[in-house]
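Shown next, in structure tokens, is the structure this report addresses.
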Amino acid sequence: MLERLGIDAEQEQAYEHVLTRPDRTAAELAVGSADLDALVTKGLIRVDGGRYNAVPPAVALQGLLDDRQLELDRAAARIRELERLHSATPNGARPAPVEVVAGDQAHDYLLAIHRATRSEVRAFETPPYVKPISVEDAQLAATAIRQGVSHRIVYSRAAVDEQGLETLLVTLSVGEQARVTGDVPMRLAIYDNRIATLPAVTGTRTDEGLLVVRPSALLDALIALFERVWASALPLTLTAEEPAGTGAAEDRILVALLSAGMTDQAIARQLGISLRTVGRRIQRVQNGLHAETRFQAGVAVGLARSGADPDPD
């Protein structure tokens, strides 16, 4: 477990042995002299009068960890310096701003880019997909969000309908910021302002070819396009605070889908209920908000979310 700190498995075991048997001689510890000497040299144990005692882990191991972190920080700084030199050096062989990736390599390429992202992912989500998006597929993004990578996603209504509530909640429940619009210009993902990916041909799947866009005027344009669509899209605010199937939870889901502009048919599919039941529940929500129309209900919900007074007077 501590190999990355320069402590092999035998030394780690010897340290634990000394830690749990304080003030013993080498003979009493029954630990090899080479391991004891190595631990003394690394500052993990002390020897006084032939008796060995462990330096507390919070002191000894934290110090090693801090040293290794300093080395990593220096390496990262050097990498950034080399990258700046690379960017500033004229090179006719440098890759073009747009690269075409063969379809059979697209999945692994996208996976590697996503795992290398450190700050933010922005994306347009819309079919067609290589395969149906599952709860397991959404775990990669959920893990990244938990690790501090912001996700802002604009879904087309077709994407919401196709992915389904269970899959969407995997990322929405851990902090994904999502919005919905009738349609998006293309399927697109932007990673850390440094790279963008999109299908080679609009409306096709990524396994038919992938475009990778690096820093350039084109990447700037794609970023601006995303921000414009994001600003005009409707928020999608699904949560998993209550168990699925409860009336309150389903009403909140219904309001969220209505607020995002989903049709009654799409809502019925997502909730697994009939169109007639959707109509009854919408009426119930309107009554609860003292709204005579869906528009008034939407306004009341929007005011409530903004903290304004929803009283029509």
Side-chain angles (χ1 to χ4, degrees), residues 95-134 137-138 140-142 144-145 149-165 167-168 170-172 176-236 238 257 259-263 266 269-270:
V98 179
E99 177 185 357
V100 180
V101 176
D104 59 352
Q105 301 173 26
H107 175 75
D108 290 341
Y109 207 105
L110 288 168
L111 196 62
I113 294 173
H114 198 283
R115 285 176 172 166
T117 302
R118 292 292 175 265
S119 178
E120 183 181 41
V121 175
R122 289 173 283 185
F124 292 149
E125 275 293 336
T126 192
Y129 297 111
V130 175
K131 65 181 183 66
I133 306 296
S134 67
D137 294 326
L140 176 66
I145 294 169
V149 179
S150 169
H151 279 55
R152 288 196 288 145
I153 314 296
V154 180
Y155 294 90
S156 69
R157 293 194 183 107
V160 173
D161 200 17
E162 184 163 330
Q163 293 197 25
L165 293 176
T167 299
L168 291 170
V170 172
T171 49
L172 289 169
E176 176 184 286
Q177 301 173 64
R179 295 189 179 184
V180 179
T181 188
D183 201 2
V184 294
M186 67 197 80
R187 192 171 180 201
L188 169 71
I190 303 167
Y191 305 91
D192 285 346
N193 281 336
R194 63 182 179 82
I195 198 166
T197 61
L198 59 155
V201 178
T202 301
T204 63
R205 304 180 320 197
T206 54
D207 66 346
E208 298 176 46
L210 181 74
L211 297 183
V212 179
V213 182
R214 295 188 173 82
S216 59
L218 178 57
L219 179 59
D220 294 341
L222 290 173
I223 291 171
L225 174 64
F226 174 87
E227 294 298 343
R228 178 168 295 185
V229 175
W230 173 266
S232 62
L234 298 170
L236 179 62
L238 295 173
L257 294 176
S259 299
M262 302 298 291
T263 65
R269 283 193 295 273
Q270 295 301 325

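This one's a predicted model, so the numbers in the text were calculated from it and none came from an experiment.
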Problem set entry | Min side-chain heavy-atom separation Gln177-Ser150 under 4.5 Å | yes
For this session: Determine yes or no for a side-chain-to-main-chain donor-acceptor pair under 3.5 angstrom, with Arg152 supplying the side chain and Arg122 the backbone.
Result: no
Problem set entry | Chi angles and distances behind the side-chain contact (heavy atoms from CB on, under 4.5 Å) call for Val213, Thr197 | CA-CA 6 Å; Val213 182; Thr197 61; over 6 Å; no
For this session: Please report the shortest heavy-atom distance between Thr167 and Ile133, naming the atom on each side.
Result: OG1-O, 3.6 Å
For this session: Heavy atoms only: give me the nearest Val101-Gln105 pair and the separation to one decimal.
Result: CG1-CB, 3.9 Å
For this session: Output the distance between atom CG (Leu222) and atom CG (Leu188), rounded to the nearest 0.5 Å.
Result: 5.5 Å
Problem set entry | Donor-acceptor contact present, side-chain Asp137 to main-chain Ser134, <3.5 Å | yes
Seminar exercise, completed: Closest non-hydrogen contact found for Met186 with Leu225 is CE-CD2, 3.8 Å
Exercise. To the nearest 0.5 Å, how far apart are CG in Leu210 and CG in Asp104?
Worked result: 11.5 Å
Seminar exercise, completed: Rounded to the nearest 0.5 Å, the CD1 atom of Ile190 sits from the CD1 atom of Ile195 at a distance of 11.5 Å
Problem set entry | Side chains of Val98 and Val212 in contact at under 4.5 Å (non-hydrogen atoms) | no
For this session: Nearest 0.5 Å please: distance from the OH atom of Tyr191 over to the NE2 atom of His114.
Result: 6.0 Å
Problem set entry | Under 3.5 Å: donor-acceptor pair, side chain of Asp192, backbone of Ser119 | yes
Problem set entry | Heavy-atom pair of closest approach, residues Arg157 and Gly182 | NH1-CA, 3.1 Å
Exercise. To the nearest 0.5 Å, how far apart are CD1 in Ile223 and CG in Leu218?
Worked result: 10.0 Å
Problem set entry | Within-4.5 Å side-chain heavy-atom neighbours: Leu168 and Tyr155 | yes
Problem set entry | Minimum heavy-atom distance Arg187-Leu198, with the two atoms named | O-CB, 3.3 Å
For this session: Check Glu176 against Ile145 and note the closest heavy-atom contact, atom names and distance.
Result: CB-CD1, 3.8 Å
Seminar exercise, completed: Between the CH2 atom in Trp230 and the CD1 atom in Ile153, the distance rounded to the nearest 0.5 Å is 8.0 Å
